[in-house]
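What follows is a single structure, written as structure tokens, with notes after it.
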There are 2 protein chains.
Amino acid sequence: MDRAVEDLTARARIRDAAVRLFGERGIEGASIRDIAAEAGVSSGLVRHHFGSKEALREACDQYAKERMLQIGAELTKDGNLTGLDPLTLHPLAFPLQLYLVRSMMDGSETATALFLEGVEAVEEWTTSFGINPKDRRGYAAALAAIKLSVFVFRDQVSKALGEDITTPAGYNRIGQALMEVFTIPLLTQEQVDHMRKQEK
Amino acid sequence: MDRAVEDLTARARIRDAAVRLFGERGIEGASIRDIAAEAGVSSGLVRHHFGSKEALREACDQYAKERMLQIGAELTKDGNLTGLDPLTLHPLAFPLQLYLVRSMMDGSETATALFLEGVEAVEEWTTSFGINPKDRRGYAAALAAIKLSVFVFRDQVSKALGEDITTPAGYNRIGQALMEVFTIPLLTQEQVDHMRKQEK
DNA sequence: TACTTGACTACACGATCGTGTAGTAGTTTG
DNA sequence: CAAACTACTACACGATCGTGTAGTCAAGTA
């Protein structure tokens, strides 16, 4: 990050603090006073700049979405990312993802829209790479959810691995493991068909 | 469910209401008064039976974990489940999963312990089925997280599919899609190796 | 200089939170 | 029969919540 914290405007500091605290503690769990303290301003200034807590949340939604798209564009431009890479855990995206997941779980439309865009991106990716599942949409939705899963349960996964997956080393390890999931076929088509008949 | 709601003791009704509301709104988002109203009792009775909100949460943790293991045992006993089935979305497990995920995100040790047990179960499953990833532990952790992913983003996935995945029809559809993820290899081993070199 | 405007703070408001206290009704127990 | 215990309610407490109001201060503008 090339921006020093003290160089940011108060409004930006508030927004960054809100994304962080909302993401860490949930929307209900982070108070305006907490956010103001984190940003080093009075609680009244939060209201001055954003009007209400709900409006602050929407501003965070918008900002997080734009930043995520921006970061995604930059990383894919360098050509070192495929549609499957766990961009999710990239240091720049980390607090934004944390926030967006919380916001999704709280029913945010903006965050949900970003998920849907992700599904469509995966859909196009499978098409262009010649992957043809029977239910492309369902397949893409499952993959989009999977891309976020390791992130949502980062604490649990870290504990299982005995290694913090938010560090570069751990991030690489779980990334490799995730790749292996997509490399080793766990089931044969016959098994899947057999299961389908059994289910209801 | 063979138990009628009105037949449950007040304590059980409170616990069920707490699991439901904690799961839907998060721990901070559900007040003791909300839970009491949902259970049809006074807020004082919640305190009488559980002592404090934190103690109520721990009781819910314990109950949800036991019920999940119980349900899992019953379903696998019938022999119509493999280690990969999205038990996650089973009607019986649904509110429990909802709660456990929220509890995990709030740092619950009991819920995290359940996740770790899930990782170990997947580890044993891969071993007995002759699946040999380079990092078995990491592989199992990724799979454990994936099993929960579709569930966490059920609203988003439902919206992407235009079909509620908590209904039997939608549940089958996303289940099939998830199976396909494990059936179609997305990457070759060479691609994975190539990626590994690129990363850092 | 006088006026406006935007960033910012201090403080008080009603509501709601988790919790504490006191007490009632019904059953059990000696 | 009296004492004890359990399930349960009503109500009040201090703290904290989001929000509202009033005002300070600095910069720009006519």
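Reminder, nothing fancy here: chain letters follow the sequence lines and each chain counts from 1. For the numbers below, each heavy atom of this structure counts, side chains included, while hydrogens, waters and symmetry mates do not.
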Handout entry: Partners meeting ring pair (Phe, Tyr, Trp, His ring centres under 6.0 Å) with B:F22 (sequence neighbours left out)
Key = none

Practice task
Describe, in one word, how the ring planes of A:F153 and B:F115 are oriented to each other, choosing from parallel (under 30°), tilted (30 to 60°) and perpendicular (over 60°).
Solution key: parallel

Exercise for the section: Whole angstrom is fine here: how far is it from CZ in B:F50 over to P in D:dC8? Expected result: 11 Å

Handout entry: N/O donor-acceptor pair under 3.5 Å between B:R25 side chain and B:S31 backbone
Key = no

Problem - All side chain to side chain donor-acceptor pair (under 3.5 Å) counterparts of A:E38, not counting sequence neighbours - result: A:R20

Practice task
Write out all pairs satisfying salt bridge (charged side-chain N to carboxylate O under 4.0 Å, His left out) with one or both partners inside residues 159-169 of chain B, taking only residues at least two apart or from two chains.
Solution key: B:E163-B:R173

Practice task
Name all pairs fulfilling the salt bridge (charged side-chain N to carboxylate O under 4.0 Å, His left out) condition that reach into residues 94-110 of chain A, sequence neighbours left out, sorted by first residue then second.
Solution key: none

Handout entry: Base versus backbone protein contacts along nucleotides 4-18 of chain C [heavy-atom cut-off under 4.0 Å; B, S, -]
Key = ---BBB--B----BB

Practice task
Carefully, step by step, assess B:F182 and A:V181 under the rule side-chain contact (heavy atoms from CB on, under 4.5 Å).
Solution key: CA-CA 7 Å; B:F182 299 131; A:V181 172; 3.9 Å; yes

Handout entry: Watson-Crick or G-U stems of DNA chain C, 3 or more pairs, under 3.5 Å, by first number
Key = C:1-30 with D:1-30

Handout entry: Exam field: side chain B:S103 to backbone B:Y99, donor-acceptor pair closer than 3.5 Å
Key = no

